[in-house]
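Take a look at the structure below.
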2 protein chains.
Amino acid sequence: MKDVASAAGVALKTVSRVVNDEPGVHPATAARVREAIDRLGYSRNESARVLRAGRTSTVGLVIEDLADPFYSALGRAVEDVVIGEGCLLLSASSSEDPARERELVRTFCARRVDGLIMVPAGHDHSYLRQELEAGTPAVFADRPPEPGLDVDTVLCDNAGGAELATRHLLAHGHRRIAFLGDDPSIFTAARRLHGYRSAMGHLYDERLVAMRTPTPGSVRADLERMLLLDRPPTALFTGNGRVTVTALRALEGRRMALAGFDDFELADLLAPGVTVVAQDPAGMGRIAAELLFRRLSGDDAPSRHVTLPVRLIPRGSGELPP
Amino acid sequence: MKDVASAAGVALKTVSRVVNDEPGVHPATAARVREAIDRLGYSRNESARVLRAGRTSTVGLVIEDLADPFYSALGRAVEDVVIGEGCLLLSASSSEDPARERELVRTFCARRVDGLIMVPAGHDHSYLRQELEAGTPAVFADRPPEPGLDVDTVLCDNAGGAELATRHLLAHGHRRIAFLGDDPSIFTAARRLHGYRSAMGHLYDERLVAMRTPTPGSVRADLERMLLLDRPPTALFTGNGRVTVTALRALEGRRMALAGFDDFELADLLAPGVTVVAQDPAGMGRIAAELLFRRLSGDDAPSRHVTLPVRLIPRGSGELPP
DNA sequence: GTGAAAGCGCTAACAA
DNA sequence: TTGTTAGCGCTTTCAC
């Protein structure tokens with residue numbers, strides 16, 4: 001900036017004025033400055049501006065895995081809002097590891113991001129309290145924080161969706177409906193189990209429930225165990241997109257009614273099409289980002305908690321008879 | 001830092017030494033400083049450090065669309081390398097819009113990212129030259145820059161892969177093989193057409209080729225047109241993952257041999273399984289990031305150009321007889 | 001082993 | 001309309 005100033009024969013502050021489109025610069029002077037800027041290939045050093053201004057115009061996003069279609073859709077939606085607000089997005093994957101998440105958040109905060117959007121892993125975010133008090137707002141998406149931490153949240157209707165899917169299978173005549181879920185310490189997995197359970201009512205049988213991190217091996221084993229029961233399941237409710245896909249593979253073409261939580265690409269092209277309860281990851285990301293920018297523009301109302309609806313998409317697999 | 005210094009009764013510089021693990025601080029003093037740091041909840045302002053140090057420890061990634069599985073896999077791999085090097089990743093989607101890409105790159109450079117990784121859109125990256133000369137290295141992934149711009153690149157063997165897929169269909173007895181590609185101004189689309197063409201040799205018939213941005217409507221129309229020919233195609237080679245999926249929908253269960261460029265989730269679960277030529281987006285991202293960090297650690301050898309191999313995965317659809 | 005002073009590139013406040 | 005000065009929070013240099 002100093003170089004531009006001397007090249008244009010003006011003071012440094014005048015260059016600053018031109019760069020920032022501040023009023024009160026003679027057009028001729030401005031033109032001279034711009035010419036010098038072009039000639040020298042100058043571009044303002046944002047690091048310095050940020051240091052002065054205090055705001056970095058940067059938002060940090062921590063999700064479980066950028067490569068997962070659910071989270072990448074969420075991330076893209078966040079990105080669009082963030083860029084639209086003239087900010088930039090730092091993104092990182094926690095790999096569902098609380099320690100890594102914490103480290104990432106710490107790094108983001110050291111960089112003085114203006115705000116955080118996160119899909120939390122683990123159940124202790126007390127380390128965030130300091131940052132929140134220091135004025136860095138955070139929005140939790142997909143999963144809420146532990147009680148006591150007061151932040152905006154965007155969740156989907158996990159229990160309602162699970163109930164919807166389960167009732168759908170019940171309505172098609174099934175009484176023995178298995179639930180393949182996930183590690184119950186994950187909020188969404190627990191809520192979906194809850195919804196399944198209340199839909200099943202007195203038909204609930206814990207032998208038809210598997211709650212652990214789904215791997216091809218575990219899903220296969222759980223299925224086999226259930227199929228060997230006296231009264232084996234005639235239908236399957238899978239608790240998230242990953243489980244659904246893993247279960248489809250494990251079924252190896254065995255014809256069995258199936259409904260899954262989360263939509264996925266090509267669900268319609270399988271034979272039969274896979275009936276799902278779909279949520280809207282892009283909507284979730286967009287709303288999370290919008291909530292964040294509300295805070296950034298000074299909104300200090302009590303924390304907001306948005307619950308997004310889900311919808312059932314019947315495609316064939318969930319309508320198979322027992 | 002000033003506050004910590006006075007709280008600990010030392011000079012600012014001593015705090016700086018402790019924070020940076022510099023040698024030559026008395027353990028007792030260091031302990032006192034650390035205690036003050038904890039008590040005050042101090043964390044170093046990276047913006048200020050960056051301003052002083054000149055390096056931001058930040059890498060910028062510009063891809064077409066974060067939500068596309070190919071690019072999100074690439075992005076995740078880049079992220080892992082970047083975080084592993086102690087840096088952070090700014091990511092943004094160009095939406096295949098050269099103007100937006102340019103704006104994003106400009107913004108990244110104004111933030112003084114240490115380096116850029118990009119999947120280029122458009123064919124004019126002359127605006128990068130200035131940044132390259134200023135010492136900000138860039139690596140192009142998936143597509144090369146226009147001739148004359150000298151940067152490291154990581155591409156896959158587009159022509160070879162297309163040839164492989166086409167020869168596979170030929171080997172299974174097909175003579176009328178259609179190619180559904182993409183806008184030929186996209187580098188990968190052009191190279192794949194080239195590979196298809198050389199495999200077809202004298203069997204090449206331009207009426208069996210469609211090169212435009214694939215939409216459900218366009219793919220359906222192109223297919224219908226070809227199927228009405230005197231000698232309609234008995235097999236289909238689709239030029240990328242998006243086209244493959246769109247074509248599968250357009251075929252509506254019509255039984256036709258098909259091989260596609262790019263692997264995709266669930267390709268194995270369709271009936272028949274979809275034969276593909278698979279590339280490795282994660283490997284591409286990882287290598288791009290590694291090339292970048294080589295440059296950042298001072299490597300100024302002539303630009304490197306990596307070509308990744310592809311592999312054919314027969315799953316049934318490509319082995320159907322004419 | 002510790003500290004004082006200068007300065008990274010910019011903007012806010014004030015002066016001319 | 002333009003310029004001068006101070007200072008954002010840190011690191012580097014050099015002196016104690």
[X]: side chain to side chain donor-acceptor pair (under 3.5 Å) partners, not counting sequence neighbours:
X      : answer
A:Y42  : none
A:T58  : B:R111
A:R34  : none
B:R112 : A:S43

Could you list all the side-chain hydrogen bond (donor to acceptor under 3.5 Å, both in side chains) pairs where at least one residue sits in residues 6-16 of chain A, not counting sequence neighbours?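 Only A:S16-A:N20 qualify under side-chain hydrogen bond (donor to acceptor under 3.5 Å, both in side chains).
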
Taking for each residue the nucleotide of DNA chain C bearing the nearest heavy atom, is the 5' side occupied by A:S47 or by B:V10?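 Whichever sits nearer the 5' end wins; that is B:V10.
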
Contacts of type side chain to side chain contact (heavy atoms under 4.5 Å, CB included), residue [X], not counting sequence neighbours:
X      : answer
A:A282 : A:A77, A:D280
A:R32  : A:V10, A:T29
A:T307 : A:D157

Could you list the protein-to-nucleotides 11-13 of chain D atom pairs, N/O on both sides, closer than 3.5 Å?
{"unit_1": "D:dT11", "atom_1": "OP1", "unit_2": "B:N20", "atom_2": "OD1", "d": "3.3"}
{"unit_1": "D:dT11", "atom_1": "OP1", "unit_2": "B:N20", "atom_2": "ND2", "d": "3.2"}
{"unit_1": "D:dT11", "atom_1": "OP1", "unit_2": "B:R44", "atom_2": "NH1", "d": "3.1"}
{"unit_1": "D:dT11", "atom_1": "OP2", "unit_2": "B:S16", "atom_2": "OG", "d": "2.9"}
{"unit_1": "D:dT11", "atom_1": "OP2", "unit_2": "B:N20", "atom_2": "ND2", "d": "3.3"}
{"unit_1": "D:dT11", "atom_1": "O2", "unit_2": "B:R52", "atom_2": "NH1", "d": "2.7"}

Below the 4.0 Å mark, does D:dT2 have OP1 or OP2 next to a side-chain nitrogen or oxygen of A:T14?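 For D:dT2, OP1/OP2 do not have a side-chain N/O of A:T14 under 4.0 Å.
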
Using chain B heavy atoms and a threshold of under 4.0 Å, write down where along DNA chain C the contacts begin and end, 5' to 3'.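 Span of nucleotides near chain B: C:dG1 to C:dG9.
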
With distance as the sole criterion, is a donor-acceptor pair present between the side chains of [X] and [Y] under 3.5 Å?
X      : Y      : result
A:T213 : A:R242 : no
B:D150 : B:S303 : yes
A:S185 : A:D183 : yes

For B:V50, answer base if it contacts any base atom (sugar-phosphate contacts may also be present), sugar-phosphate if it contacts only those atoms, and nothing otherwise; contact means non-hydrogen atoms under 4.0 Å.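 The residue B:V50 makes no contact with any strand.
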
Would you jot down, in residue-number order, the residues of residues 25-36 of chain A having a non-hydrogen atom under 4.0 Å from DNA chain D?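 Those residues are A:V25, A:H26, A:T29.
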
Angle between the two end axes of the helix from C:dG1-D:dC16 to C:dA16-D:dT1, five base pairs per end, rounded to 10 degrees?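 For the helix from C:dG1-D:dC16 to C:dA16-D:dT1, the axes at opposite ends meet at about 40°.
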
Residues B:D152 and B:R294 bridged, charged N to O under 4.0 Å: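 Salt bridge: no.
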
Between A:E133 and A:R129, does any side-chain N to carboxylate O distance fall below 4.0 Å?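 So A:E133 does not pair with A:R129 through a salt bridge.
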
